[in-house]
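Scroll down for the structure; my scribbles are underneath it.
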Amino acid sequence: MDSGVSNTIRRRVEVLNEAGLHARPAAVLAECARGFEAEVSLELASVPEDMGVAVGTRVDAKSVMDVLFLAAPCGTQIDIEATGTDADAAVDALEALFGKRFGIV
Amino acid sequence: MPATSNYFDEKHCIPSLTGETKDEVITELIQCFVASGAISEDESIDLGVEVLARENEGTTGIGKGVAMPHARNSGVVDGALIAVGVHETGVDFDALDGAPVNVVFLIAASDPQEYLRVAGRVAKIGRDDIEMRALPRQGTAERMASFLEQAWGSNP
């Protein structure tokens, strides 16, 4: 593929942190996303319980406030979508963070 | 989502914070809960320790002039309490974007799930540029509380 051609990568992940996607994991997530050129969004795919935020709600992964707005408890499924030349790397990095609970117990 | 949250009480809104540091502002907001009778003086000390300990793990100054100091698992509240303060010139919160903080939402919740729910709704207000420009202009605690109630209940 030519460099500069923008591609879109989408991947589903799950919130594994027991206390959900609270302020510290949200800060780690947004900081990681900001390290990429790609535009990165998070979309609520399914929720284990109603927190008042509709499934399908999509936010900017680079904003802590946006990530917090999702109010995503443990077990929430989220679709990460990245568009841009480094979209692959961005999605890989975020998927890894979800997998290791953002390094937060 | 109900149209009103009953989370915003004019007794817990400060249109003009006087504290000059992060710690002073947090203490000032917690004192609202004591003045209104929501918690006791002794409980306010516990809450202060909890909120400052959390702040030391990483700033809650999450950008755009907004901070959300909190205790997620506090024994001193049942459900959640929110205190909101506006600081005219801004306080240094070591915010993620380095900007001074003008609006502080202090959240005390009895369990992490309740915290997540309340923080999500507060973030909904915080991410809305129009509402965040309007909030500091409310002038009085009474107007702040009704403005926040309305913002809380509006659609995302």
Side-chain angles (χ1 to χ4, degrees), chain A residues 14-36 39-78 97-98 101-105, chain B residues 1-5 7 51 53-73 80 93-99 101 103 105-107 109-129 131-132 151-156:
Chain A
E14 185 172 328
V15 177
L16 301 175
N17 294 66
E18 211 178 306
L21 213 46
H22 58 92
R24 268 172 305 149
V28 173
L29 193 163
E31 191 189 356
C32 174
R34 279 196 298 267
F36 296 93
E39 283 183 26
V40 191
S41 67
L42 304 177
E43 186 178 323
L44 276 189
S46 80
V47 289
E49 67 170 292
D50 182 23
M51 298 290 279
V53 185
V55 167
T57 299
R58 187 199 278 239
V59 300
D60 180 3
K62 298 185 181 187
S63 158
V64 184
M65 203 101 68
D66 271 36
V67 178
L68 270 182
F69 167 58
L70 291 179
C74 187
T76 300
Q77 293 197 308
I78 289 176
L97 279 181
F98 274 88
R101 298 176 168 79
F102 301 91
I104 294 158
V105 183
Chain B
M1 186 59 56
T4 57
S5 72
Y7 282 122
V51 172
R54 164 60 185 87
E55 206 62 39
N56 287 334
E57 290 174 15
T59 182
T60 61
I62 54 178
K64 296 170 108 179
V66 178
M68 291 172 56
H70 60 270
R72 283 191 296 140
N73 223 345
F93 247 77
D94 302 314
L96 297 173
D97 61 0
V101 163
V103 178
F105 293 95
L106 187 135
I107 303 170
S110 56
D111 69 87
Q113 203 81 341
E114 178 69 3
Y115 161 73
L116 206 56
R117 195 182 295 275
V118 169
R121 295 300 285 189
V122 168
K124 171 190 167 289
I125 301 170
R127 70 201 278 268
D128 187 316
D129 290 340
E131 280 167 355
M132 290 313 291
W152 176 285
S154 66
N155 291 322

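Here is the naming used below: chain letters follow the sequence lines, and residue numbers restart at 1 for every chain. Atoms considered below: every heavy atom in the structure, side chains included; atoms not considered: hydrogens, waters and symmetry mates. All figures in this text were calculated on a predicted structure; none of them were measured in a lab.
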d(A/L21 CG, A/L42 CG) to nearest 0.5 Å is 7.5 Å
What option among B/K64, B/E57, B/H70 has the most heavy-atom pairs under 4.5 Å with chain A? B/E57
B/L116, part contacting chain A, at a heavy-atom distance under 4.5 Å: both
May I ask you to check whether B/Y115 and A/H22 place their ring centres under 6.0 Å from each other? no
Below 4.5 Å from any heavy atom of chain B, which atoms of A/D50 appear? Answer side chain, backbone, both or neither. backbone
Chain B: which of A/V67, A/V64, A/D60, A/D66 shares the most heavy-atom pairs with it under 4.5 Å? A/D66
Sort A/A72 into side chain, backbone, both or neither according to what part of it lies under 4.5 angstrom from a heavy atom of chain B. backbone
Which bit of B/V66 is near chain A, if near means a heavy-atom gap under 4.5 Å: side chain, backbone, both or neither? side chain
Is it the backbone or the side chain of A/E18 that comes under 4.5 Å from a heavy atom of chain B, or both, or neither? neither
Minimal heavy-atom distance between B/M132 and B/G126, with the atoms involved, is CG-O, 3.3 Å
Should we say atom CD of A/E14 is surrounded by more than 12 heavy atoms from elsewhere, each under 6.0 Å from it? yes
Under 4.5 Å from any heavy atom of chain B, what part of A/L70 do you find: side chain, backbone, both or neither? neither
Mind listing the closest non-hydrogen atom pair of B/V118 and B/A80 along with its distance? CG2-CB, 3.8 Å
Ignoring hydrogens, what is the shortest heavy-atom contact between B/P112 and B/N73? Give both atom names and the distance. CD-OD1, 3.9 Å
